[in-house]
Amino acid sequence: MPALASHRKPRTLVRSTGPAVGLTTAALASVTLLSTQSALAAPAPRPSIEDVQKKVDDLYRQAGTATQQYNQAKEATAKQRSTVDTLLDDVARRTEKLNEARRTLGTYAAAQYRGGALAPTATFFLADDPQSFFDQTHLMDRMTERQTRAVSDFRTQQAKASEQRAEAVVSLETLTESQATLRTSKQNVQTKLSEARGLLSKLTAEEKARLAELERKKEAEAKRKAAELAKKQAAAKAEADREAEEAEEAAKESGSGTGTGTGSGTGTGSGTDTSASTKAEKVMAFARAQVGKPYVWGATGPSSYDCSGLTQAAWKAAGVDIPRTTWDQVNVGTRIATADLQPGDLVFFYDDISHVGIYKGDGMMIHAPKPGANVREESIYYMPIYGSVRPG
């Protein structure tokens, strides 16, 4: 029997270009991936030594600012703790007075109970809140004068105790906030110093040598400016001395024939100048004695200092109390122009007033510079000057 013919239409084979497109796409993806990996693998360019120096200096400045915030928070915490302790002592004393008044009321109530007084009166005396019974005037008629005073004293002590407890609660909350600020400021200082140390630790020996050379150039330029200031100040002093001498000679000539009238003209000014000069000498003597001691942020001596801790201690040695932080010290005393600086004056630095030093003369100062450094003499032009004051 002949085979039956197939009624299916023969399938036409169509050549597909799909695989070629897929291969091309895969190849492009591979090239892109390799390019991306190569880009990621390429090391980032190392910062220049100048950039490192600028970054490190900026981190130390930020650490200085955080140190002043820490000092401020520490001072506020100590002050608030003292306030809280005083309030708690007051609350304890007030509570004892309240208990005494309560015991007095209890004595009266017990006496009335034994004497057969009406029960509401005893309830009144023993109640935690006598005010609600106080409004009942018929009970007042049964009170003696002493009982009335006892109730009044109880109410007074109760109100004051409640008020002082509320004050103590607020002060404790403020103390908690101050302690939190203290912890945050401390962490900020440590973070900035850690970043600075991290940058320096990554430098090669050659880079460290270049950085040291940049520092030497910076110091040399600062000393040059200090020398210029010293020269100007010396010239100004010489001119002032010459004018004073001429004025003195003129006074002698004009008063040579009278024999009187010149004995009392200089006493007050001379005494004031001498007092200021004596204080400045004490400040400088103290500051010189601290040279070589380490900078430690938050320290106020005697073995280590931060910048404002040193200035505060130096002026205290001269009998003058100044605030703890640079932000408060800058507002103490008289503002002085840089050209008019005298030994003992305080010179402040940076726009945020985060550093301070003690002017020594000739454009130089004694200051506690930064972590890792000791108290030393340095040009006031080593950092950007904000302004200067003369305490006392």
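This one's a predicted model, so the numbers in the text were calculated from it and none came from an experiment. Position 1 is the first residue of the sequence; numbering continues from there.
Inter-residue side-chain proximity for Asp306 and Tyr295 is flagged as met; some heavy-atom pair is nearer than 4.5 Å. Between Arg324 and Gln312, some side-chain heavy-atom pair lies under the 4.5 Å cut-off. No side-chain heavy atom of Lys360 sits under 4.5 Å from any side-chain heavy atom of Pro343. Taking the side chain as every heavy atom from C-beta outward, Ile322 and Val320 approach each other to under 4.5 Å. Gln179 is listed as a side-chain neighbour of Arg81, based on a closest heavy-atom distance under 4.5 Å.
A salt bridge does not link Glu213 to Arg210: none of the charged nitrogens lies less than 4.0 Å from a carboxylate oxygen.
We find the OG1-CD1 distance between Thr326 and Ile353 to be 6.5 Å, quoted to the nearest 0.5 Å. Annotation: the span from Asn71 atom CG to Thr300 atom OG1 amounts to 8.5 Å, rounded to 0.5 Å. Interatomic distance, Ile385 CD1 to Lys225 NZ, rounded to the nearest 0.5 Å: 9.0 Å. The OH atom of Tyr359 sits 9.5 Å away from atom CE of Met364, with the distance rounded to the nearest 0.5 Å. In this structure, the separation between CD1 on Ile49 and CD on Glu215 is 11.5 Å, given to the nearest 0.5 Å. Distance check, rounded to the nearest 0.5 Å: CZ of Arg197 to CG of Leu59 gives 11.0 Å.
Cluster membership check: Leu193 shares its hydrophobic cluster with Leu203, using side-chain heavy-atom separations under 4.5 Å among Ile, Leu, Val, Met, Phe, Trp and Tyr. In the hydrophobic clustering of this structure, Tyr305 groups with Trp315; members are Ile, Leu, Val, Met, Phe, Trp, Tyr whose side-chain heavy atoms approach within less than 4.5 Å, directly or through other members. Under the 4.5 Å side-chain heavy-atom criterion for Ile, Leu, Val, Met, Phe, Trp and Tyr, Tyr60 and Val347 are members of distinct hydrophobic clusters. One hydrophobic cluster, built from ILVMFWY side chains closer than 4.5 Å, holds both Leu310 and Leu346.
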> Given the rule in the side-chain hydrogen bond (donor to acceptor under 3.5 Å, both in side chains) test, do Thr325 and Glu75 qualify, once you have shown the distances and angles that lead to the verdict?
Replying inline: CA-CA 9 Å; Thr325 69; Glu75 193 173 43; 5.8 Å; no

>> Run the side-chain contact (heavy atoms from CB on, under 4.5 Å) test on Glu219 and Ser379 for me, step by step, so that the C-alpha distance in whole Å, both residues' side-chain angles and the decisive distance to 0.1 Å come before the verdict.
In response: CA-CA 8 Å; Glu219 291 173 3; Ser379 167; over 6 Å; no

>> If you apply the rule salt bridge (Lys or Arg N to Asp or Glu O under 4.0 Å), what do you find for Glu246 with Arg242, and how did you get there?
In response: CA-CA 6 Å; Glu246 290 178 354; Arg242 185 186 63 78; 2.5 Å; yes

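Ring pair His355/Phe349 is tilted by interplanar angle, where 30° to 60° counts as tilted.
Summarising the geometry of Gln329 relative to Phe348, their closest heavy-atom pair is C-CZ, 3.7 Å, with the distance given to 0.1 Å. Scanning both residues, Gln62 and Asp58, for their nearest heavy atoms gives NE2-OD2, 2.6 Å.
For the 3.5 Å distance criterion, the side chains of Asp352 and Thr65 qualify, holding a donor opposite an acceptor. If you check the side chains of Asn188 and Ser185, you find no donor sitting under 3.5 Å from an acceptor.
For the pair Lys218 and Tyr382, the cation sits on the ring face: its NZ or CZ lies under 6.0 Å from the ring centre, inside 45° of the axis.
In Glu239, the CD atom is crowded: over 12 heavy atoms of neighbouring residues, nucleotides or ligands sit closer than 6.0 Å. Remark: Lys316 NZ is loosely packed, at most 12 non-hydrogen atoms of other residues, nucleotides or ligands lying under 6.0 Å away.
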